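Okay, so here's the structure we're looking at.
Here the structure is a predicted model, which means the values were calculated and not measured. Letters A, B, ... mirror the listed sequences (proteins, then strands); counts begin at 1. Atoms considered below: every heavy atom in the structure, side chains included; atoms not considered: hydrogens, waters and symmetry mates.
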Amino acid sequence: MYSDLLANLNPEQREAVTLPPVNQHGQAQSALILAGAGSGKTRVLTTRIAWLIQTGQVSPIGVLAVTFTNKAAKEMMLRLSAMLPINTRGMWIGTFHGLCNRLLRAHHKEAGLPSTFQILDTQDQLSAIKRLLKGLKVDDEKYPPKQLQYFIAHAKERGQRARELSVGDDFQAKMAQLYEAYDEQCQREGVVDFAELLLRSYELLKHNEAIRTHYQERFRHILIDEFQDTNALQYAWLKLLSGHDASRINVSSAGSSAVFAVGDDDQSIYAFRGADVENMRLYEQQYHPMMVKLEQNYRSHGHILDTANYLISNNTDRLGKNLRTDAGHGEPVRIFDAPSDHAEAAWLVDEIKALVNSGIKRTEIALLYRSNAQSRIIEHALFSAAIPYRVYGGLRFFERAEIKHALAYLRLLENPNDDTSFSRVVNFPTRGIGARSIEAVQDAARAQNSSLYLAASTLDGKAGASLGGFVRLVDHMREATRHNTLPETVEFVIQNSGLIQHYLSEREGQDRVENLQELINAATAFIAEEGYGQDATAATLPGENAPGIVEVSPLAAFLSHASLEAGDNQAQAGQDAVQLMTVHSAKGLEFTSVFITGLEEGLFPHENSVNEQNGLEEERRLMYVAITRAKERLYLSHTQSRMLHGQVRYNMPSRFLEELPSDSLKWLTPKVKDARWGGGNSYGNAGRSGSTWQDGYTRQRDSETNDFFDSGSDRQRPAKQLGRVGSASTTVTRMAAPPRGNYPFTIGQNVFHTKFGEGRVTGLEGNDADARAQVNFKRHGVKWLQLSIAKLAAIN
DNA sequence: CGATCGCGGATTTTT
DNA sequence: TCCGCGATCG
């Protein structure tokens, strides 16, 4: 029977999957699974659900499974339907935001939202904020929109409304006031931002006992993936739903649910967006979960795993875990010290060629970096060497301007009060509605406290005429598509809004036209996948039609989908191309060969992190994540000089290199520590004077190089910058480094300053009169000093 | 209304 | 360095 579900699990996985969800007193028993990298975490989570269902401990509708990304949710559903003959579509498996959206759609009245509420993504939110500040005549120099956006998002993620904030000073008071005004604006427009989805459903559950009880009784099993990435609000939401909220008396009218949390504190790398590993400890204290550690790693060879374990052991404050593997030591971890960023890139190219020649597929090779800026030079080198590559993290489908324009029209069909959408397309394509007219509507809307759309139809005069035309256009499109299918509606709108025509007449509009066509396909696919259409109930599980669950129109569902799932950000999948991405985006992925580049102080660990609370430990975890992506081969590289923000910087090798087990390492270049300028190799020396990239290169048109690039990406394409003819063996390396000796000091040297005392030089940059040294003072910390001014003396 | 110029900002990212 | 945004000009 169910034993075949467990057949392929190792003992610890099996233990996790079959933990009793009820204790001997008949109460719900929660669990915490510490799942190391590559330990089969998703498998355990999915099998747990299947096991619970198959053993009759819960029916599919009694399960709530939460993930952070749509990708993870999809994967879970896919695997689950492979394990059990059930339709997962009606199950509550999804992202926090997706599930909250579902909740709010079903109970929009109780949540105080119109049934047609729209979701603001980050871009939309920023433009809503800018519009708000303009309307209130607030100085956006003093109160930068971006900062306000951050302020609002973080307050919401802590579960705080504007009124609940304690404001320390005038600035904060004003920000709180703007936060409140922003919420009022959103409410009037019938829109919610991402954090609001969570906060609103949290408040809904908190204040509406009937609804809370209903869901508490329904979801007796709650499973959470990537628990280390939860923020305070998500944790509070979980406590409410699982009936563990201590602030509520009589919690247990519904009893509590069994929570099954899976996470890895060593892979917590999202503190900057509000994630709080502390939640794991809180959960331990508050839920008294049974704990299982998954430490058997199925991904990496021994040296790689040893390297990861050794590095992460430098972190204090861990729940404690040590990965092991059955797969022998394998290859040592190779370290390369390059004289310059160009040389590093040239070396990457050579190693990649060798790997490919040895039979490794390009898709199995990943080039990782700490920050996106580093990709440029690598892309350049790959391009020059004609090595196909793919960069992760560009614009996603639903974020493209033309798609957002089309969606804005569609949103206005659904919800005319959505001023963000109104503003976006009222004059796009241009239809003679200028700044004056816009101002007039905004004034009118403010005066009558109405939406721009409503105000537009009340205006008269010249502005009234043109705006009236726009309103009529939208009304017309709404009427005309009333009985259309979703794809028909989308097609009608992109045609009749004038978007297609506009882009057809634009010089480089062809891609955009294609994307708009693609939007129709996306709508068709959406209908098919979501099971809308001839038999909408097919997707519904027995018992799913609980009171309060309402059907939403396909258009509404599609618009939510577009906001909540921005689409793939890795174009051209399937191409055999080398994978380029940040370490963050590599989380959860694995590759045969991994290169971690730019392992320099200031870059990785990033200089900003040093001043952050626990910043270094988070950087170290980031490095841990990077290392554990590799299955068989791992390469680490760093460079002595690097162009950053238009200036050459000289960085010390990353401290993380000193935190690795030497037995597992192999230095491809002599290990250099303080003798920074010595290590010469064939990848370019200071003396090598190359021509600059601009010289002697031909530019190629995109159409000729499509093989290598994501044709759908807005990311700057190397082909547009520089192409080149010639073989890689003649790769030109431009040494941006000035001749050594330009500085009176060297990196690593001890110095004395009359005011700051003793310190050590950790960086040098700039030239001549502009030359600066970064010094780490024993008593005063890290400072940059202008060498022409600072009184620095060398000491031993 | 569109193009062009100049400024500021430049970890990491999902929803 | 270099990209994106906003203001300003023609």
Side-chain angles (χ1 to χ4, degrees), chain A residues 66-73 94-101 119-127 130 134 140-141 144-146 153 156-157 192-198 226 229-231 233-234 268-275 341 368-377 392-396 398-399 401 427-436 502 506-507 560-567 569 581-588 598 602-612 615 618-619 621-623 625-626 642-649 693 714-716 720-721 736:
Chain A
V66 199
T67 63
F68 274 87
T69 64
N70 292 296
K71 199 176 150 201
T95 62
F96 274 105
H97 294 84
L99 295 172
C100 287
N101 178 51
I119 300 165
L120 298 186
D121 68 15
T122 315
Q123 283 177 43
D124 299 332
Q125 187 189 24
L126 188 62
S127 42
K130 285 179 180 169
K134 273 230 171 77
D140 60 5
E141 301 261 291
K146 280 247 173 68
K156 288 187 179 181
E157 278 161 11
V192 298
D193 60 49
F194 285 136
E196 183 72 23
L197 280 172
L198 280 152
E226 306 279 15
D229 288 338
T230 51
N231 64 33
L233 179 56
Q234 286 157 344
S268 160
I269 56 172
Y270 285 113
F272 72 91
R273 67 178 198 210
D341 44 2
L368 309 184
Y369 33 80
R370 176 64 178 82
S371 62
N372 286 304
Q374 287 166 254
S375 80
R376 271 184 127 259
I377 190 156
Y392 279 59
L395 256 200
R396 299 148 110 218
F398 287 112
E399 290 168 355
N427 195 35
F428 193 94
T430 50
R431 46 175 74 86
I433 298 176
R436 248 190 312 278
H502 170 84
E506 214 179 40
R507 267 184 304 118
S560 293
H561 166 81
S563 303
L564 293 174
E565 187 165 0
N569 66 359
M581 68 194 82
T582 63
V583 178
H584 280 93
S585 10
K587 191 174 166 214
L603 253 187
F604 199 178
H606 196 274
E607 52 197 346
N608 296 357
S609 72
V610 180
N611 304 318
E612 284 163 14
E618 174 127 335
E619 293 288 303
R621 290 192 292 267
L622 200 48
M623 180 69 183
V625 167
R642 173 180 301 279
M643 184 69 92
L644 197 67
H645 304 324
Q647 277 204 319
V648 180
R649 303 227 339 207
W693 287 107
D714 266 6
R715 171 177 266 276
Q716 181 73 311
K720 275 187 185 157
Q721 304 156 10

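In this structure, the separation between CG on A/Asp229 and CD1 on A/Ile269 is 7.0 Å, given to the nearest 0.5 Å. Between atom CG of residue A/Leu126 and atom CG of residue A/Asp193 there is a gap of 12.0 Å, rounded to the nearest 0.5 Å. Note that CZ of A/Phe68 is 8.5 Å distant from NZ of A/Lys587, once rounded to the nearest 0.5 Å. Atom CD of A/Gln374 is separated from atom CG of A/Leu644 by 8.0 Å, given to the nearest 0.5 angstrom. Of the inter-residue distances, the one linking A/Asp341 atom CG with A/Arg376 atom CZ reads 11.5 Å to the nearest 0.5 angstrom. Here the OG1-CD distance, from A/Thr69 to A/Glu565, works out to 9.0 Å after rounding to the nearest 0.5 Å.
OP1 and OP2 of B/dA10 both lie 4.0 Å or more from every side-chain N or O belonging to A/Asn372. OP1 or OP2 of C/dC3 has at least one side-chain nitrogen or oxygen of A/Arg376 nearer than 4.0 Å. Proximity of A/Ser585 to the phosphate of B/dT13: a side-chain N or O atom is located under 4.0 Å from OP1 or OP2. When the side-chain nitrogen and oxygen atoms of A/Arg431 are compared with OP1 and OP2 of B/dC1, none of them lie within a distance under 4.0 Å. For B/dT12, the OP1/OP2 oxygens have no side-chain nitrogen or oxygen of A/Lys587 closer than 4.0 Å. Contact between the side-chain N/O atoms of A/Asn70 and the OP1/OP2 oxygens of B/dT14 is not found at any separation under 4.0 Å.
Remark: C1' of B/dT12 and CG of A/Leu368 are 13 Å apart, rounded to the nearest angstrom. Rounded to an integer number of Å, the gap from A/Leu120 CG to B/dT14 C1' is 16 Å. Remark: P of C/dT1 and CG of A/Asp341 are 13 Å apart, rounded to the nearest angstrom.
Across B/dC1, B/dT11, B/dT15, the shortest atom-to-atom separation from the side chain of A/Leu564 is found for B/dT15. Residue A/Thr69 places its side chain closer to B/dT15 than to any other of B/dT13, B/dT15, B/dT11. Taking every side-chain heavy atom of A/Thr430 into account, B/dC1 is the closest of B/dT13, B/dC1, C/dC3. The side chain of A/His645 lies closest to B/dA10 when the candidates are B/dT12, B/dA10, B/dT14. Taking only side-chain atoms of A/Asn427, from C-beta outward, the nucleotide of B/dT11, B/dT15, B/dC1 with the closest atom is B/dC1. For A/Thr95, the side-chain atoms get nearest to B/dT15 when compared with the rest of B/dT13, B/dT11, B/dT15.
B/dT12: glycosidic angle beyond 90° from 0, hence anti.
Ranked by how close their nearest DNA chain B nucleotide is to the 5' end, A/Ile269 and A/Gly98 are led by A/Ile269. Across the interface with DNA chain B, nearest-nucleotide mapping of A/Leu622 and A/Ala435 shows A/Ala435 to be the residue nearer the 5′ end.
Among the atoms of the strands shown, base atoms are found under 4.0 Å from some heavy atom of A/Glu612. Residue-level contact check: A/Tyr270 touches the backbone only, with heavy atoms under 4.0 Å from sugar-phosphate atoms and none from bases. Counting non-hydrogen atoms under 4.0 angstrom, A/Ile433 reaches the backbone sugars and phosphates but no base. Within 4.0 Å of A/Glu157, counting heavy atoms only, lies no atom of the nucleic acid at all. Using a 4.0 Å heavy-atom criterion, one finds that A/Lys146 contacts no nucleic acid atom at all.
Annotation for A/Ile119 and A/Ser563: closest pair O-OG, 3.4 Å, computed over non-hydrogen atoms. Contact record, A/Gly98 with A/Leu564: CA-CD1, 3.9 Å, taken as the closest heavy-atom pair. Scanning both residues, A/Asn231 and A/Glu157, for their nearest heavy atoms gives ND2-CG, 3.5 Å.
No aromatic stack links A/His97 and the base of B/dT15, using centre distance under 5.5 Å and interplanar angle under 30°. By the stacking rule of 5.5 Å between ring centres and under 30° between planes, A/Phe68 does not stack on the base of B/dT14.
One donor-acceptor pair, N or O on each side, does fall under 3.5 Å between the base of B/dT15 and the side chain of A/Thr122.
Rounded to a whole angstrom, the distance from the P atom of B/dT12 to that of C/dC5 is 16 Å. For the P atoms, the distance linking C/dG4 with B/dT11 amounts to 15 Å, nearest Å.
Of the charged side-chain nitrogens involved, at least one lies within less than 4.0 Å of a carboxylate oxygen, so that A/Arg370 and A/Glu619 count as a salt-bridged pair.
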Would you list the protein and nucleotides 7-10 of chain C atom pairs, both N or O, that sit under 3.5 Å from each other?
none

Extract from the structure each pairing of a protein N or O with an N or O of nucleotides 6-9 of chain B at less than 3.5 Å, listing the distance.
none

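In this pair, A/Phe272 and A/His584 present their aromatic rings perpendicular. The plane angle is above 60°, beyond the 30 to 60° band.
Partners of A/Lys134 by side-chain contact (heavy atoms from CB on, under 4.5 Å), not counting sequence neighbours: none found.
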